[in-house]
Amino acid sequence: MKHPNVEISQEVSRALNFGAPIVALESTVITHGLPHPQNLQLARDMEKQVRAHDAVPATVALLDGRIRLGLSDAELVRLSESKSTLKVSHRDFATAIVKKMDGGTTVAGTLHAANMAGIKVFATGGIGGVHKESAFDISTDLHALAATPMIVVCAGAKAILDLPATLEYLETMGVPVVGYQTDEFPAFYSRESGLGVSARLDTAKEIAEFARAHWNLGMKSAILVTNPIPEKDAISKSEMDPIIARASAEAVAQGIHGQKLTPFLLSRISELTNGKSLTSNLALLLNNAALAAEISKEITIRKKEWAI
Ligand code: PSU
Ligand code: MN
């Protein structure tokens, strides 16, 4: 793929040419989701985890107004240290390009860029969704999931969101919500939410076959694979609920909304749990990178035969 605003690293380019397994990684988690220096550690560990599972990581971000897929270590450092990066969802790409800015791509932004390059699998922590604090705050992530044929591995969505409304929205938009080895939609820090998924699948191979069946029918949406946080790192819903309610009330009281809302809630929750939520966050991200790599291997083995 050649595009004047897009630059793909040599390693990712080569993997694309050879049809080798690739996992796209987002970068809002680095620029706006986690504090320094844990964000840098995480960015490095995500890449390492993908490699340990025999796939090539493609961290997506904007640097000097260029859409980049595959970053060097020095570029990860730069992204993790910068205080003036843009949070890049669909409507922000052009801003970053004309102003030659650095930016972290959200789930929506990463989906768009990775799909342009022909990557099929993407690992993240949690997707954006329908917020509780104001009636029209619905993340672009949901629209991007409806319109982009990729497999997105996440740990569900944080209970900072209105989870029933988020799931209703995904249903309306025709996005399959797959539970990996679970019948329950996971709620990020917690394995439980009391909400269901549209299908349960137990292996990476089954997920690849599911994607093929979905796309072969002409469906254009993503497949959202929800992978519960490992048991040992989970925080129970009853422990998280009051903390989330408090962070949410503070956001309303301080008039925080729009793009700033998610980062505010994430950092307040980390403070209110004395960093316990941060440890969980890192663990689930690595768990998702591993599953995404396994799925991308299953996809690439069959890519030619399946013509996807
Ligand atoms: N949820 C998390 N951690 C995150 C995000 C969401 O638990 O870091 C980030 C993701 O990059 C997601 C974005 O795509 O926030 C959604 O932001 P908004 O709600 O403004 O669309
Ligand atoms: Mn929003």
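When a ligand or atom number is given, it counts from 1 through the structure's own listing order. All values reported here derive from a predicted model rather than from experimental measurement.
Less than 4.0 angstrom separates some heavy atom of D141 from each of these atoms of ligand 1: 12 (C), 14 (O), 16 (C). Near H131, meaning under 4.0 Å from one of its heavy atoms, ligand 1 places the atoms 19 (O). Within ligand 1, counting atoms from 1 as listed, the ones closer than 4.0 Å to a heavy atom of E26 are 10 (C), 11 (O). Proximity to K87 (heavy-atom distance under 4.0 Å) selects the following atoms of ligand 1: 17 (O), 18 (P), 20 (O). Within the listing of ligand 1, atoms 2 (C), 3 (N), 7 (O) sit less than 4.0 angstrom from a heavy atom of K158. Of all atoms in ligand 1, listed by their number and element, those nearer than 4.0 Å to a heavy atom of F188 are 7 (O).
The set of protein atoms (N, O or S) found at less than 2.8 Å from the Mn ion (ligand 2) reads D137 OD1, by chain and number.
With respect to atom 15 (O) of ligand 1, the closest heavy atom belonging to the protein is T262 CG2, 3.7 Å. Distance from atom 21 (O) of ligand 1 to its nearest protein heavy atom, with residue and atom name: S139 OG, 2.7 Å. Among all non-hydrogen protein atoms, the one lying nearest atom 3 (N) of ligand 1 is L266 CD1, 3.5 Å.
Using a 3.5 Å distance cut-off with no hydrogens or angles, the side chains of T59 and E47 do pair a donor with an acceptor.
Of the residues listed (T300, I207, T203), the one engaging I295 in a side chain to side chain contact (heavy atoms under 4.5 Å, CB included) is I207, and it is the only one.
With hydrogens and angles ignored, the 3.5 Å screen pairs a side-chain donor or acceptor of N288 with a backbone N or O of T124. Checked by atom type and distance alone, the side chain of S27 pairs as donor or acceptor with a backbone atom of V60 at under 3.5 Å. Looking only at distances, no side-chain donor or acceptor of T28 sits under 3.5 Å from a matching main-chain atom of H32.
Inclusion of T140 in the set of residues having an N or O under 3.5 Å from an N or O of ligand 1 is not warranted. Of the N or O atoms in Q259, none lie within a sub-3.5 Å distance of an N or O in ligand 1.
For atom 9 (C) of ligand 1, the nearest non-hydrogen atom from the set I269, V107, T28 comes from T28. Closest heavy-atom approach to atom 1 (N) of ligand 1 within the set S27, G33, G126: this belongs to G126.
Among residue pairs with one or both ends in residues 147-173, those qualifying as ring-ring contact (aromatic ring centres under 6.0 Å, His included) are H143-Y169; sequence neighbours excluded.
Atoms CG and CD1, from L224 and I151 in turn, are 11.0 Å apart once rounded to the nearest 0.5 Å. Here the OG atom belonging to S270 is positioned 8.5 Å from the CG atom belonging to N281, to the nearest 0.5 angstrom.
The environment of NZ in K237 is sparse: at most 12 heavy-atom neighbours from other residues, nucleotides or ligands sit within 6.0 Å.
Under the side chain to side chain contact (heavy atoms under 4.5 Å, CB included) criterion, A290 pairs with Q49, H53, sequence neighbours left out.
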Side chains of residues 107-116: which donor-acceptor pairs under 3.5 Å do they make with residues two or more places apart or in other chains?
| residue | atom | partner | partner atom | Å |
| --- | --- | --- | --- | --- |
| T110 | OG1 | T105 | O | 3.4 |
| T110 | OG1 | T105 | OG1 | 2.8 |
| T110 | OG1 | T106 | O | 2.7 |

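At least one cation-pi condition fails for K220 and W215: the charged atom is not both under 6.0 angstrom from the six-membered ring centre and inside a 45 degree cone around its axis.
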